[in-house]
Amino acid sequence: MKPKLINLAVFASGQGSNFSAIAKAVKQGRIKAQLKVLVCDNPQAPVVKRAQVARVQVVLVQREDFSSRLEFEAAIIQKLNNYKIDLIVLAGFMRLLSPVFVKRYRNRIMNIHPSLLPVFKGAHAIKDAFDSKAKVTGVTVHFVDEKVDHGPVILQQRIRVGEKDTLISLEKRIHSVEHKLYPKAIKLVIANKIKSSRLN
Ligand code: GRF
């Protein structure tokens with residue numbers, strides 16, 4: 001009998017380049033899972049089109065349609081239950097998940113952040129690293145806990161900031177590292193092979 005495949009949900013709000021990298025890795029069998037659904041809170045986001053092209057179901061949930069975050073998340077949880085989701089992958093999802101949500105899916109929510117956490121937390125990590133003239137920055141994939149950009153690290157990769165780097169060239173290099181690192185980290189989590197998970 002074939003082993004049951006893990007069911008993945010990707011949450012995203014924006015461009016979706018990480019979504020596409022993950023969808024490609026699933027399609028090519030590098031990630032042994034089923035990408036069941038994209039959860040998106042912005043109907044105008046380019047990631048929606050990417051999901052349609054990749055033939056992945058899209059669930060649109062807009063915060064303004066609900067009177068509280070609890071109700072908004074309850075609607076998401078219901079969808080996740082319908083799709084029997086085992087693992088949630090945040091890829092540029094621009095909403096904070098409540099402690100109740102995080103607790104429910106403890107160690108089953110992953111996130112990618114464009115810096116070497118714990119440095120440069122927040123929504124402008126690449127620019128902050130560039131502006132501060134850091135010589136090294138990077139990418140972190142971690143499990144999500146109750147704090148923002150925080151939780152056990154799964155994988156990190158360092159990236160040197162060269163003297164000739166512009167903000168644009170640095171962004172490009174960081175994104176191309178992300179597109180390799182995230183599928184690799186998801187694969188490790190699915191195979192239960194995370195050797196060192198430390199708290200940042
Ligand atoms: C990435 O840089 C990721 O690290 C951060 O949000 C960005 C999403 O980019 N959390 P994309 O939408 O996947 O292109």
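Remember, it's 1-based here, ligands and their atoms both numbered in the order they're listed.
Arg158 CZ to Thr140 OG1: the interatomic distance, rounded to the nearest 0.5 Å, is 11.5 Å. Atoms NZ and NZ, from Lys84 and Lys4 in turn, are 9.0 Å apart once rounded to the nearest 0.5 Å.
Taking the side chain as every heavy atom from C-beta outward, Val189 and Phe143 approach each other to under 4.5 Å.
Ranking the protein heavy atoms by distance from atom 9 (O) of ligand 1 puts Asn18 ND2, 3.7 Å first. Nearest non-hydrogen protein atom to atom 7 (C) of ligand 1 is Gly92 CA, 4.3 Å. The protein non-hydrogen atom at the shortest distance from atom 5 (C) of ligand 1 is Ile112 O, 3.9 Å. Counting protein heavy atoms only, atom 14 (O) of ligand 1 is closest to Ser17 OG, 2.5 Å.
In this structure, His175 contributes its side chain and Pro114 its backbone to no donor-acceptor pair below 3.5 Å.
Near Gln15, meaning under 4.0 Å from any of its heavy atoms, are these atoms of ligand 1: 12 (O), 14 (O). With ligand atoms numbered from 1 in the order given, ligand 1 contributes 1 (C), 2 (O), 3 (C), 4 (O) to contacts under 4.0 Å with heavy atoms of Glu178.
Considering backbone and side-chain atoms alike, Asn111 places every N or O at 3.5 Å or more from each N or O of ligand 1.
We find that Glu146 and Arg106 are joined by a salt bridge, their nearest charged nitrogen and carboxylate oxygen being less than 4.0 Å apart.
Relative to atom 12 (O) of ligand 1, the option among Pro114, Ala12, Gly14, Gly16 with the closest non-hydrogen atom is Gly16.
Counted by atom type alone, Asp41 and Ser13 present one or more donor-acceptor pairs between their side chains at under 3.5 Å.
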